[in-house]
Amino acid sequence: MRKLRVPMFVALLLTTSCAPPFFKKYRTPRYDITQYDKATQQAWVAVDNFLQDCIQSGAPVAINRYSRIDTILLDEAAATLEIRLTDLFGFIPFRSQTTADIY
């Protein structure tokens with residue numbers, strides 16, 4: 001039994017270090033947003049945090065785990081923010097209650 005401890009520990013270490021990001025406790029940046037200004041970067045982070053919360057907990061709405069941000073356009077002069085997500089986000093039915101839960 002004692003001889004198996006080290007190989008089992010090494011096997012455990014190797015398998016957990018290769019886990020996909022959604023199994024890890026911490027969040028890693030999934031996008032390269034360094035080319036955007038600070039306000040747009042903050043929008044990317046806020047939307048990505050919302051998506052990851054929805055994917056992991058299913059609250060306020062359960063979405064496809066492969067949903068990602070496509071584009072975020074911030075126009076401070078017109079005070080508008082346009083968020084475009086991948087098509088996989090649209091696979092959930094957007095009924096009145098689902099839309100109210102998101103807002």
Side-chain angles (χ1 to χ4, degrees):
M1 185 69 172
R2 181 167 248 160
K3 291 182 180 181
L4 292 177
R5 286 185 184 174
V6 173
M8 293 295 283
F9 177 73
V10 171
L12 178 66
L13 183 66
L14 289 175
T15 57
T16 56
S17 65
C18 297
F22 52 85
F23 286 123
K24 295 182 179 179
K25 296 286 183 190
Y26 59 91
R27 294 183 175 171
T28 58
R30 300 190 298 173
Y31 308 97
D32 180 22
I33 56 174
T34 55
Q35 72 270 18
Y36 299 113
D37 63 356
K38 187 172 182 174
T40 306
Q41 287 180 0
Q42 289 174 343
W44 275 84
V45 170
V47 172
D48 189 50
N49 286 340
F50 175 77
L51 285 176
Q52 288 189 36
D53 287 342
C54 289
I55 290 168
Q56 291 177 356
S57 68
V61 63
I63 61 172
N64 187 309
R65 71 179 186 168
Y66 299 108
S67 298
R68 300 286 184 266
I69 301 170
D70 184 35
T71 310
I72 292 184
L73 302 172
L74 177 64
D75 185 2
E76 293 181 13
T80 60
L81 174 66
E82 184 176 335
I83 301 169
R84 297 180 186 164
L85 303 173
T86 57
D87 291 339
L88 296 171
F89 181 78
F91 287 171
I92 61 172
F94 284 99
R95 297 185 176 95
S96 304
Q97 185 60 40
T98 307
T99 306
D101 290 342
I102 291 173
Y103 285 107

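Everything numeric in this text was worked out from a predicted model, so none of it was measured.
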If you measure from CD1 on Ile33 to NZ on Lys38, what distance do you get to the nearest 0.5 Å? 12.0 Å
Can you confirm whether the side chains of Asn64 and Ser67 place a donor and an acceptor under 3.5 Å from each other? no
Following the transitive rule for hydrophobic clusters with a side-chain heavy-atom cut-off under 4.5 Å over Ile, Leu, Val, Met, Phe, Trp and Tyr, establish whether Phe89 and Leu73 coincide in one cluster. no
Nearest-0.5 Å distance, CG of residue Leu88 to CG of residue Asp70: 11.0 Å
Distance check, rounded to the nearest 0.5 Å: Ile72 atom CD1 versus Gln41 atom CD? 11.0 Å
How long is the gap from CD1 on Ile69 to CG on Leu51, to the nearest 0.5 Å? 5.5 Å
Can you tell me if Asp87 has over 12 outside heavy atoms packed within less than 6.0 Å of its CG? no
Smallest separation among heavy atoms of Arg68 and Arg65, with atom names: NH1-O, 3.1 Å
Atom CD of Gln35 and atom OG1 of Thr40: how far apart are they, to the nearest 0.5 Å? 10.0 Å
Atom pair OG1/CD of Thr71 and Glu82 - distance to nearest 0.5 Å: 8.0 Å
